[in-house]
Amino acid sequence: MTAGINPVVRDTLAIAFGACPPACRECVKACEHQRSLARIVALDLPEAPFHGAVTCLQCSEPACRDACPTGAIAQDEKGVTRLDSGRCVGCGACAIACEWGGINFDFAAARAFKCDTCDGRPACAAACPTGVLRWVESAALMRQYREPDLFTRGASLCPGCVAELGFRMAFRVIGEDAIVFAAPGCACALANGFGDKATTRLPAVMCLMTNGPSIMTGVARRLRQIGKQTRCVAFIGDGATADVGFQPLSGAAERGEPIVYICYDNEGYMNTGVQRSATTTAGARTMTTPVGPHLKGKTQAPKEVPLLMAFHGAAYVATASIAYPEDFAAKLKRALASNDGLAYVHLYAPCYVGWESPMDSVVEISRRAVETRMFPLWEADHGRFRITHPIARPRPVGDFTRLLGRFRHLGPAELDALGRQAEDRYRRIEALSAAMPLAEEHPRQ
Amino acid sequence: MRFHSPFEGPWADPEAGLFSVRSGDWRQQRPVANGARCCRCGLCFLYCPTGCISDRVTHFEAELEFCKGCGLCVYICPAAAIAMRAEEGC
Amino acid sequence: MAAPAYLPQGAQPADGLAPRLLDGNKAAAYGVLLCRPDLIAAYPITPQTPLLEQLYKFKADGRLTAETVEVEGENSALSAALGVTVAGGRAFTATSSMGLTFMYDAYLFASGTRVPVVMVIAMREQTAPTTVSCGQQDLMMVKEGGWVQLVCESCQEILDSILVAYRLAEDPQVQLPVNVCYEGYYLSHLSEPVTVPAQEAVDRFLLPVRDKRRPVLGTEHPMTFGTYVVGELYAEYRYKHCQAMERAGGMLDAIDGEFRAALGRPYGGAVEAYRAEDAEFLMVTMGSAAGTLKVVVDELRKEGIAAGLARVRMFRPLPARELLGLMRGKRAVGVVDRSVSFGWNRGHLFIDVKAVAQDLEPRIPVVSFIGGLAGTDLRRDLLAGAARTTWERGRGRAGAEVIWLGLE
């Protein structure tokens, strides 16, 4: 099993390299405002083309420190590399040693200077209008995902699979006092075992596509009967959730069974080779909604299962994304804490194989779906709603669709329609959040 | 009769060891970490779909027996401390 | 000492031992109550519904402590029942006809994963054409499903068979789900004198579920239930399943002995033989029609015709050895079925009996009688006709292999 995370994990400035809009200098302005001399450089190279922000990355073994002849550069206990200008002689060795352009030089004073992360509150990230610069509070994040990984590492899922990733992330939050329930689909390879061998150290049940919530009902009732706090947690795909298995899920929600049901939504039957499901986005090409002279992908809008669950008596409902891990972890904890009914978490799970995108793209797709309002992040507690990650200025839907080959055939009119569907979905949640608001300070937190 | 399973039905005991495929054999490219540049944020550990990134004390590194070479660690690394290199013969 | 759970408040245990008038569904409900299940999950369907209602009445009265799940369908009923069983509890469910086919995937799952759950089938015709009337066709739709299947003749046997079913299902040598089957209306709604045993006697016969040896789902010893299996291991589980079926068949005699010791009533194992020993020919059936056939056998005996009856009590595993022994030396066998096998165009039990009869030397005629479909009465005159036809076949008279009683 993978070793637990080392406590010296550090908060860090995450930069999406080369993703800045041309001529944007908001980060530089913010840094100048804070520190007079900017410790971040906006590189605008239209001929490359390259538009990006460059600053110190706070290396764990900084070459600048090793190159400094006077010992002016040192790491503090938080891993931030600091430069003591009093000891700097202005030789420039650090700037030469840093292959990343992370050292700035004040020619007037003949002294080097550099980013110190504004002591963990970087002004640049706060000012960045595009999300290129983000301050990642890794230390806190890793505390959310601290549980050991109890699943086999050699699982037969595609490289870069978001279902595998989401499964591991979820149980790094959920922990060991749980029974995991799987059903036929991609992710079951992590829980259903193979032959006489298990694939997880958690107690696990491989259900049918048609009876997961019902088997869970029996197990959960038994656990309650014998006084156990152990939670029954499903990690099941959209086919078994929205289509063939919807009836037992509906029944379990209506009865208020104390189970946690995570649906990983890859919008189709990916394990059988990419066929459409009820949750497939309109317009998407799949093997059963192909594109040709007579067909143009899926014609229906997706079934909004999380909303259906919220209108179904579920105690807690949330949508979640791996691109927003703090939000995902918080929602899982709320789901685990809600013991008076079914908790449903709908995890956005882009399948790069079926959605026709590169192998390392699932995080980017996930983030873009939120930024374009294609997939709003919200939660509902006993019918009271809250958008957990409001998108004030959505990116155009084309920023999302262009990542995915399955939308390649859509023309401007069809993209407009897709955008309107997304807007409607978002506004519906907005309206519910306004009419039936859930206080941000969650009562159970 | 020679039986493989001690159980009457399809049960499995993880005490007997977990089933795993040698998924590292699928890999066409491998992640190579520049330990000095690693900023120790842990995001590659969190985002590795196979859970094969471990803490090598100075930096995070993939265990190649299971790494499938998806490159998500490269995408997620805020310090550009990981790069993918083609496996020989790929 | 508190009065046993099955007695009305204030009644003394001795009162409970006098027979009372119960219909088949109520008798089943008392059987379930006495087995102290941990969970009951069922979906209402005619003619099983009054059984379900009686269990809820027990719960309302505080006599039944089981969890109850008002599921949204039959597949969920069986799935919830198997969930609690996998987690170490004892569960009960019941259904009929279309409910049974609607739980077909969970039905096969329960047996293939070796979950010892007990389920009543209040037998009914299988739609279509649409009907809610009695028949055995629903049971026949699942006869290859890998469950042990007991078929009852009387309301008393229904109650007793529930106890036997749990004893059999949970035996470490068996670990199989068990059906207790009885015909809709003819038994489910028929009131007969039934002795409700004392709880202490039942507790002597049926150990608490916690004392049973089998894998249990939980965090104490985390295990995976329902693994993905291919190849030789699959054959191993199939082989073990068949072996467990064999053991279940072989065990029924012994369990009947335990039952007699604890509760006083004898049952004759997997096949009940009625005046079969010295019979010239043998009628074979299962379920409520056996009672009428016993009367027919008695009447024919008075006429000097040596009729006999074999009532199949355990349908799966098929008691082939017992049937063969009873058929040996007979001149003909007639099988009365309340179901049809499409394609064979015969009764289902007939097919089994005919297959077993291949081991007889010399070969004897085996005749299929189909009747009683959709609740039509298997009247005494119809069954007497069937018996006479079988007797004549044994004396050399030629005729069709299948006869539809009442149609021909």
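Residue numbers start from 1 in every chain, and the chains themselves are labelled A, B, ... in the order their sequence lines are given, proteins ahead of strands. Only heavy atoms go into these numbers, but all of them, side chains included; no hydrogens, no water, no symmetry mates.
In this structure, A:Leu57 and B:Cys39 approach most closely via the heavy-atom pair O-CB, 3.3 Å. The shortest non-hydrogen separation linking A:Arg153 to B:Gly51 is CD-O, 3.2 Å. A pairwise comparison of heavy atoms in B:Trp26 and A:Ser156 identifies CH2-CA, 3.7 Å as the closest pair. The shortest heavy-atom contact between B:Phe45 and A:Arg172 is O-NH1, 3.1 Å. What you find for A:Ala14 and B:Pro78 is that their closest heavy atoms are CA-CB, 3.5 Å. Contact record, B:Cys70 with A:Pro159: CB-C, 3.6 Å, taken as the closest heavy-atom pair.
Here SG of A:Cys59 is found 7.5 Å from CG of B:Asn34. Values are rounded to the nearest 0.5 Å. Interatomic distance, B:Leu46 CG to A:Gln144 CD, rounded to the nearest 0.5 Å: 10.5 Å. For the atom pair B:Phe19 CZ and A:Asn192 CG, the distance stands at 9.5 Å (nearest 0.5 Å).
Only the backbone of B:Cys48 has a heavy atom closer than 4.5 Å to any heavy atom of chain A. Using a 4.5 Å cut-off between heavy atoms, B:Arg22 does not touch chain A at all. With a threshold of 4.5 angstrom between heavy atoms, B:Phe7 does not approach chain A through any atom at all. Residue contact with chain B, scored on non-hydrogen atoms closer than 4.5 Å, is absent for A:Glu137. Within the 4.5 angstrom heavy-atom criterion, no atom of A:Tyr352 approaches chain B. For A:Thr200, the part sitting under 4.5 Å from any heavy atom of chain B is the backbone (N, CA, C, O) and nothing else. With a threshold of 4.5 angstrom between heavy atoms, A:Thr12 approaches chain B through side-chain atoms but not through N, CA, C or O. When heavy atoms are compared at a cutoff of 4.5 Å, A:Arg65 does not approach chain B at all.
Counting heavy atoms from C-beta outward, A:Lys197 and B:Leu18 have side chains that stay 4.5 Å or more apart. No side-chain heavy atom of A:Phe167 sits less than 4.5 Å from a side-chain heavy atom of B:Pro49. Two residues are said to be in side-chain contact when any heavy atoms from C-beta on lie closer than 4.5 Å; A:Leu141 and B:Leu43 meet this criterion. B:Leu72 places a side-chain heavy atom less than 4.5 Å from the side chain of A:Leu165.
A donor-acceptor pair under 3.5 Å is formed between the side chain of B:Tyr47 and the backbone N or O of A:Ile322. A side-chain donor-acceptor contact under 3.5 Å links A:Ser138 to the backbone of B:Cys41.
Put simply, of A:Glu99, A:Gln58, A:Met359, A:Arg168, the one with the most heavy-atom pairs under 4.5 Å next to chain B is A:Arg168. Ranked by non-hydrogen atom pairs under 4.5 Å with chain B, the options A:Val363, A:Asp196, A:Ile15 are led by A:Val363.
B:Arg40 has no carboxylate O lying under 4.0 Å from a charged side-chain N of A:Glu61, or vice versa, which leaves the two without a salt bridge.
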